Amino acid sequence: QTGFTTLDQGFVNTASTKSAITYIDGDAGILRYRGYPIEAVAKNSTYLEVAWLLIYGEIPSESELSAFDDRIRRHTLLHEDLRRFFDALPHNAHPMSVLSSAVSALSTYYEGSLSVKDPEQIEMSIVRLLAKLPVIAAYAHKKSLGQAFLYPDNSLSFVDNFLKLNFGTMAEPYEVNPVLSKALDRLLILHEDHEQNASTSTVRLVGSTEANIFASVSAGINALYGPLHGGANEAVLKMLREIKESGDGVSKFVDRVKNKEEGVRLMGFGHRVYKNFDPRATLVKESADEVLEALGVQDDLLDIAKELEAVALADDYFAERKLYPNVDFYTGVIYKAMGFPPRMFTPLFAIGRLPGWIAHWREMNLDPATKIGRPQQLYIGEPERTWPER
Ligand code: SDX
């Protein structure tokens, strides 16, 4: 099944990908995970329950979910040699580089994981990825702080264990804040899948060559790193800080965006598919106020973000280009209030998106009709010519 897209240069036959996992209607601002609207999923579910739904297609039974949760808890430990991998890194290594390198290295510890046809091995790799990516991300955070790594605590839930690994220390007991835990679980749900975005398409393309799931996810992490994609949440906070420090105010910044000053974009705005509103941005904005209030955090960057959104939405320049806030516009302010440094924002997106990447890799891998990916090209180079006599 192929779709046709008209480009300036004429018709290009773009092979479209078939998938049953996520549905988006960009004009209507609709997002559904396996048919369930994102608003209902975010309100009623948890990250692990949604991960099962995306990967296996149905809401898990209580026993399925508790067995899944159990298996993940029992696979949180990294191989001790992989823990030592962090010693070789500079303290200021960007966590996204750490994540893609460590995830790619994971396959070297599990010989069987290189098989892409053995269902048992695939299920084992899925559990290991879900269990270990948060630990790798937390260790990248601790490395940047020069603090000792904690071992995972399997008595805690997925999100609580992740929070303790990031904010707990060897010096004193760590008490999880339930507000923080629930807010983070909800934010992770909002990132779990998003159809054929750049990083998921990367995972599918790499996976279509029968590369193992760790190699495919590592490639997806690298695609997500870019500031036009997952890296946007870190870029939004940098933009808000620059507006604050410049003292020029929001309107002056908006003028710079409209004048297309070199590289100045309204980060966290715009989307390839949503040309109206991103339903996730609406949900994130709602929780921004709740979370900051519950954590007793006052942050004028949130006020600047709200003013920036209001000024942009009232300006024809953005309306004409169908530019609205996307999922990344408010998440950074919340992550900052939770205590994460900006460099940890995109790793949080990666942990959120991991179940989607896994679901797409598995869907493609289980489909006997899958062929190696080969994106179409429209040749716009020189016609045939003769090599000059010399
Ligand atoms: C994510 O695909 C997904 O689903 C991704 C994602 C997911 O869940 O996986 O939703 C997550 O990546 C969200 C997007 C995060 N990125 C950003 O916030 C970065 C800032 N946004 C952009 O750079 C941009 O909007 C994109 C990359 C998101 C989308 O780019 P498009 O649709 O290709 O738009 P374009 O570059 O063709 O721009 C169209 C016009 C241009 O102006 P003109 O040349 O017509 O005058 O809109 C302008 C652009 O200059 N424009 C912007 C802008 N985004 C587009 N102008 C200012 N600020 C922006 N953010």
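A quick note: this is a predicted structure, and the numbers were derived from the prediction, not measured.
- Taking CZ from Phe158 and CG from Leu130, the interatomic distance works out to 6.5 Å, rounded to the nearest 0.5 Å.
- The CD atom of Glu242 sits 10.5 Å away from atom CG of Leu237, with the distance rounded to the nearest 0.5 Å.
- Within the 4.5 Å cutoff, the side chain of Leu54 has heavy atoms near those of the Thr22 side chain.
- In this structure, OG in Ser287 is found 7.0 Å from CG in Leu190, a value given to the nearest 0.5 Å.
- The pair Asp315-Lys258 meets the salt-bridge criterion, with a side-chain N (NZ, NE, NH1 or NH2) lying under 4.0 Å from an Asp/Glu carboxylate O.
- Residue Lys238 qualifies as open at atom NZ: its count of foreign heavy atoms under 6.0 Å is 12 or below.
- When side chains are defined from C-beta on, Arg343 counts as touching Asn92, because their heavy atoms get closer than 4.5 Å.
- Contact of the Leu165 side chain with the Leu150 side chain is registered, since non-hydrogen atoms from C-beta on lie closer than 4.5 Å.
- Asp278 and Pro325 get closest at one heavy-atom pair: CB-O, 3.6 Å.
- The CG atom of Leu302 sits 9.0 Å away from atom CG of Leu240, with the distance rounded to the nearest 0.5 Å.
- Arg128 forms a cation-pi arrangement with Tyr110, by the criterion of a distance under 6.0 Å to the ring centre and an angle within 45° of the ring axis.
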Inset, instruction - Dump the intermediate steps for side-chain hydrogen bond (donor to acceptor under 3.5 Å, both in side chains) on Asn233 and Thr331, then the final yes or no. - result: CA-CA 7 Å; Asn233 54 18; Thr331 42; 4.5 Å; no
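- Heavy atoms of other residues, nucleotides or ligands lying less than 6.0 angstrom from CD of Glu293 number 12 at most.
- Side chain of Thr370 to backbone of Met364: a donor-acceptor contact under 3.5 angstrom is found.
- With a 6.0 Å radius and a threshold of 12 heavy atoms from other residues, nucleotides or ligands, Glu120 has its CD atom at or below the threshold.
- Using a 30° and 60° split on the angle between ring planes, Phe349 and His229 fall in the perpendicular class, above 60°.
- Side-chain contact between Leu53 and Glu192 is absent, with no heavy-atom pair separated by less than 4.5 Å.
- In summary, Asp160 and Lys164 do not engage in a salt bridge, as defined by a charged side-chain N under 4.0 Å from a carboxylate O.
- Residue Tyr274 holds its OH atom at 15.0 Å from OH of Tyr324, rounded to the nearest 0.5 Å.
- Of the listed residues (Thr202, Leu129, Ile213, Thr200), just one forms a side-chain contact (heavy atoms from CB on, under 4.5 Å) with Trp357, and that residue is Thr200.
- Applying the 6.0 Å contact sphere to CD of Glu62 captures no more than 12 heavy atoms from other residues, nucleotides or ligands.
- Judged purely by distance below 3.5 Å, without hydrogens or angles, the side chains of Thr17 and Ser19 never pair a donor atom with an acceptor atom.
- In plain terms, the two heavy atoms of Ile55 and Ile126 that are nearest each other are CD1-CG2, 4.1 Å.
- To the nearest 0.5 Å, atoms OG (Ser61) and CH2 (Trp52) are separated by 7.0 Å.
- Residues Glu234 and Met96 fail the side-chain proximity criterion, which asks for heavy atoms closer than 4.5 Å.
- Both the sub-6.0 Å distance and the 45° axial angle are satisfied by Arg321 relative to the ring of Tyr317.
- Summarising the local packing, NZ of Lys371 is surrounded by 12 or fewer heavy atoms from other residues, nucleotides or ligands at distances under 6.0 Å.
- Contact check on Arg362 versus Glu123 returns a salt bridge, with a Lys/Arg side-chain nitrogen under 4.0 Å from an Asp/Glu carboxylate oxygen.
- Scanning all heavy atoms of the two residues, the minimum distance from Phe167 to Met338 falls at CZ-O, 3.6 Å.
- Note: Phe68 and Tyr56 have perpendicular aromatic rings, judged against thresholds of 30 and 60 degrees for the angle between ring planes.
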Inset, instruction - Just do the ring-ring contact (aromatic ring centres under 6.0 Å, His included) check on Phe340 and Phe345 with the steps written out, would you? - result: CA-CA 7 Å; Phe340 290 105; Phe345 294 0; 7.8 Å; no
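- Residues Asp185 and Lys182 are not paired through a salt bridge, judged by the lack of any N-O separation under 4.0 Å between the basic side chain and the carboxylate.
- Smallest separation of non-hydrogen atoms from Leu82 and Ala105: CD1-CB, 4.3 Å.
- Here Glu80 pairs with Arg83 in a salt bridge; the nearest charged N to carboxylate O distance falls below 4.0 Å.
- The aromatic rings of His191 and Tyr335 are tilted relative to each other, their planes meeting at an angle between 30° and 60°.
- Salt bridge Lys244/Asp299: absent, no basic N to carboxylate O contact under 4.0 Å.
- With respect to Lys43 and Glu39, no salt bridge is recorded, no charged nitrogen being found less than 4.0 Å from a carboxylate O.
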